[in-house]
2 protein chains.
Amino acid sequence: MKPALSRPKARAALMQELEYAVRKSSALGVLFGQTVANRVGVSSSDLECLDFLNIEGRVTAGRLAELTGLTTGAITGVVDRMEKAGLVRRERDESDRRKVFIAIVPEALGRIGRFYEPLQKAVTKDWEGYTDAELKLLLRFMTQGYNTMLGVLEDLKTSPEKPQGRPRKPARG
Amino acid sequence: MKPALSRPKARAALMQELEYAVRKSSALGVLFGQTVANRVGVSSSDLECLDFLNIEGRVTAGRLAELTGLTTGAITGVVDRMEKAGLVRRERDESDRRKVFIAIVPEALGRIGRFYEPLQKAVTKDWEGYTDAELKLLLRFMTQGYNTMLGVLEDLKTSPEKPQGRPRKPARG
DNA sequence: ACTAATTATCTTAGTGGATAAGATATATAC
DNA sequence: GTATATATCTTATCCACTAAGATAATTAGT
């Protein structure tokens, strides 16, 4: 009955609260993305691609498909729309002319970043309330979470159960 | 030229790293959700609704529309699909018979939770490596982030610029 | 060098899920 | 007791996605 180090009841409750907070934030993040996409005038998927392009630099169409979980055919549509909107550019690889790199048009960065700026400013202000040591802990927490999620996702994708090999929906036609 | 307390260069870099980590995690979270939805056999939106139902308990169709950013018409479709799949149940409010509460079918909880379990287990294990004080800091961090994002989102939705009042896409027909 | 196999993207047909507008049903206000 | 507001559902229409295969370029085998 006696707890070992700290009261385990409180600790379990703390973890549950943290989990709840993470889940709520995650859900809100999705909604935020949808709202920004709406404001920028592109679909959620399109904005997701733009974010990846921003993070990873210019990437090929195929890599974008991997990153988003869409088929390459869908990516063609995504890039078509965004290219027409002047947000990205197709650049053929000269050494392997099958490959098509997608790159953000520099001017578009501001056009999109504009909508993230208020969040970034608010968040930066929040974070100024933390010490360096605390920020380091937060970074460790986020990095660890990312890696853990990545590992579990890989298992989830490769685990058997359900036919497999099918990108998204149950077969129909 | 002399920094006040800690080296500001390092601090700025730390914040940038943290921002990068948050963005990557957020993007991965979206992908994770898509993958789970695929496994459960429902669409991303459907799973998003299930998550909200799990968080908020049983809610009305209209509230679900607010929470997800979908129109009420779309929610009707979401609930139709999930009800047919045996995941949720419609329950009319007896005191206000216009309202329809959506509730998760208890048996379905396990059917969905099954796919989140590996992540939850892995994350819990990670978190055991933190002290109570650290977990409290992490909770504060997440809660603060949630509230900040909520505020910015509200501004983003109500700010002028672009006609407004339009749930998602630019008008077309 | 020529053919086959592989890789990367694009094209086409078909479908599901979204919006927008309005219908239906119930509740509240004057 | 009629009008207005609220909550969900219905219908028509449209867009973006998947699946399958076409096209184009690279690599491997003989």
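What you see below is based on every heavy atom in this structure, not just the backbone, and it leaves out hydrogens, waters and symmetry mates. Note on naming: letters A, B, ... go to the chains in the order of the sequence lines (proteins, then strands), and numbering restarts at 1 for each one.
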Without placing hydrogens or testing angles, list every side-chain donor-acceptor pair under 3.5 Å for residues 98-109 of chain A, not counting sequence neighbours.
residue, atom, partner, partner atom, Å
A/R98, NE, A/D96, OD1, 3.0
A/R98, NH2, A/D96, OD2, 2.8

Scan the side chains in residues 19-30 of chain A for donor-acceptor partners under 3.5 Å anywhere in the protein, sequence neighbours excluded, and list what turns up.
residue, atom, partner, partner atom, Å
A/E19, OE1, B/Q120, NE2, 3.0
A/E19, OE2, B/Q120, NE2, 3.3
A/S25, OG, A/A21, O, 3.0

Please tabulate, for the side chains in residues 139-147 of chain B, all donor-acceptor contacts under 3.5 angstrom to protein atoms that are two or more places apart in sequence or on a different chain.
residue, atom, partner, partner atom, Å
B/T143, OG1, B/L139, O, 2.7
B/Q144, OE1, A/Y130, OH, 2.7
B/N147, ND2, B/T143, O, 3.3

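Counting to the nearest Å, the P atom of C/dA8 and the CD atom of A/E66 are 9 Å from each other. Residue A/D80 contributes atom CG, which lies 13 Å from atom P of C/dT9 at whole-angstrom precision. Rounded to an integer number of Å, the gap from B/R81 CZ to C/dT15 P is 17 Å. Atom CG in A/D46 sits about 7 Å away from atom P in D/dC17, given to the nearest Å.
Donor-acceptor pairing under 3.5 Å is recorded for the side chains of A/Y116 and A/D51.
Every residue two or more places apart in sequence or in another chain that forms a side-chain contact (heavy atoms from CB on, under 4.5 Å) with A/V123 is listed here: A/L119, A/W127, B/T148. Judged as a side-chain contact (heavy atoms from CB on, under 4.5 Å), and not counting sequence neighbours, the contacts of B/T131 are B/A133, B/E134. Checked against salt bridge (charged side-chain N to carboxylate O under 4.0 Å, His left out), B/E91 has the following partners two or more places apart in sequence or in another chain: B/R58, B/R89. Here A/E117 pairs with A/K121 under the side-chain contact (heavy atoms from CB on, under 4.5 Å) rule; sequence neighbours left out. A search for side-chain contact (heavy atoms from CB on, under 4.5 Å) contacts involving B/E128 returns A/M15, B/T124, not counting sequence neighbours.
Applying the 4.0 Å criterion to OP1 and OP2 of D/dT18, one finds that A/T71 has a side-chain N or O inside that range.
If you check C/dC10, D/dT10, D/dC17 against the side chain of A/S45, the one that comes closest is D/dC17.
Between B/T72 and B/V78, the residue anchored closer to the 5' end of DNA chain C is B/V78, taking for each the nucleotide with the nearest heavy atom.
Paired runs in DNA chain D that reach 3 or more consecutive Watson-Crick or G-U pairs, where each pair keeps both distances under 3.5 Å, cover C:1-30 with D:1-30.
Against DNA chain D, the stretch residues 86-104 of chain A makes heavy-atom approaches under 4.0 Å through A/S95, A/D96, A/R97, A/R98. Of the residues in residues 54-62 of chain A, those with a non-hydrogen atom less than 4.0 angstrom from any atom of DNA chain C are A/T60, A/A61, A/G62.
Considering B/V59, B/T72, B/V78, B/L70 as possible partners of B/L64, the one that fulfils the side-chain contact (heavy atoms from CB on, under 4.5 Å) test is B/V59.
The salt bridge (Lys or Arg N to Asp or Glu O under 4.0 Å) analysis of residues 73-86 of chain B, with sequence neighbours excluded, yields the pairs B/D46-B/R81, B/D80-B/R90, B/E83-B/R90.
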